[in-house]
Amino acid sequence: MRAADGSVWAWGSNDLGQLGDGTTTGRTIPFQVPGLTGITRVLAGTIATSMAVSGSGVLYTWGGGSGRAAPEDTRVPGALGGWTDVQDM
């Protein structure tokens, strides 16, 4: 969920790190996903993938199928290389 201040909040299953807290532990209480500010769009998709776009057009991904490095590196949000000036997902 994106809050009015551009922060991102998450909860639920976390089998592949899709909550972005660096773990694979599920949560029942919403928490602020670390490292994300100024977010304009959020997407929680299939294969436990989460994405967010910042106001400056940076695409962040985390969780399974995030398109980034080793699985342990995708348990926290990170910019997806080569994707800049993104407007929507």
Side-chain angles (χ1 to χ4, degrees):
M1 168 186 92
R2 184 185 68 84
D5 66 358
S7 62
V8 176
W9 294 72
W11 64 97
S13 178
N14 197 26
D15 297 339
L16 296 174
Q18 63 266 37
L19 295 183
D21 65 355
T23 74
T24 55
T25 303
R27 292 180 180 241
T28 58
I29 299 171
F31 73 98
Q32 186 173 356
V33 178
L36 295 175
T37 59
I39 299 301
T40 59
R41 301 268 189 253
V42 175
L43 175 73
T46 59
I47 316 173
T49 303
S50 300
M51 299 180 185
V53 175
S54 71
S56 61
V58 176
L59 176 62
Y60 294 93
T61 64
W62 62 100
S66 68
R68 292 186 15 242
E72 60 274 6
D73 295 334
T74 63
R75 294 180 185 156
V76 295
L80 186 60
W83 289 85
T84 58
D85 199 29
V86 175
Q87 300 298 311
D88 207 345
M89 299 174 283

Are F31 and I39 linked, directly or through intermediate hydrophobic residues, by side-chain heavy-atom contacts shorter than 4.5 Å (ILVMFWY only)? yes

dist L43:CG -> T49:OG1 (nearest 0.5 Å) comes out at 8.5 Å

If every non-hydrogen atom of V53 is compared with every non-hydrogen atom of V86, which pair is closest and at what distance? CG1-O, 3.4 Å

In Å and rounded to the nearest 0.5 Å, what is the CG to CZ distance from L19 to R27? 7.5 Å

Distance (rounded to the nearest 0.5 Å) between Y60 OH and L36 CG: 7.0 Å

Looking at G17 and W62, what are the two nearest heavy atoms and their distance? O-CD1, 3.5 Å

Using 0.5 Å steps for rounding, measure from the CG atom of L59 to the CG atom of L80. 5.5 Å

Is the shortest side-chain heavy-atom distance between M1 and V42 below 4.5 Å? no

Closest heavy-atom pair, G20 versus P34, reported as atoms and distance to 0.1 Å, is O-CD, 3.7 Å

So CD of Q18 and OG1 of T24: to nearest 0.5 Å the spacing works out to 9.5 Å

Tightest non-hydrogen contact, residues V76 and D21, listed as CG1-C, 4.2 Å

Counting N and O atoms only, with roles assigned by atom type, does the side chain of N14 sit under 3.5 Å from a partner on the main chain of T25, one being a donor and the other an acceptor? yes

What residue pairs, at least two apart or across chains, pass side-chain hydrogen bond (donor to acceptor under 3.5 Å, both in side chains) with a residue in residues 30-43? R41-D88

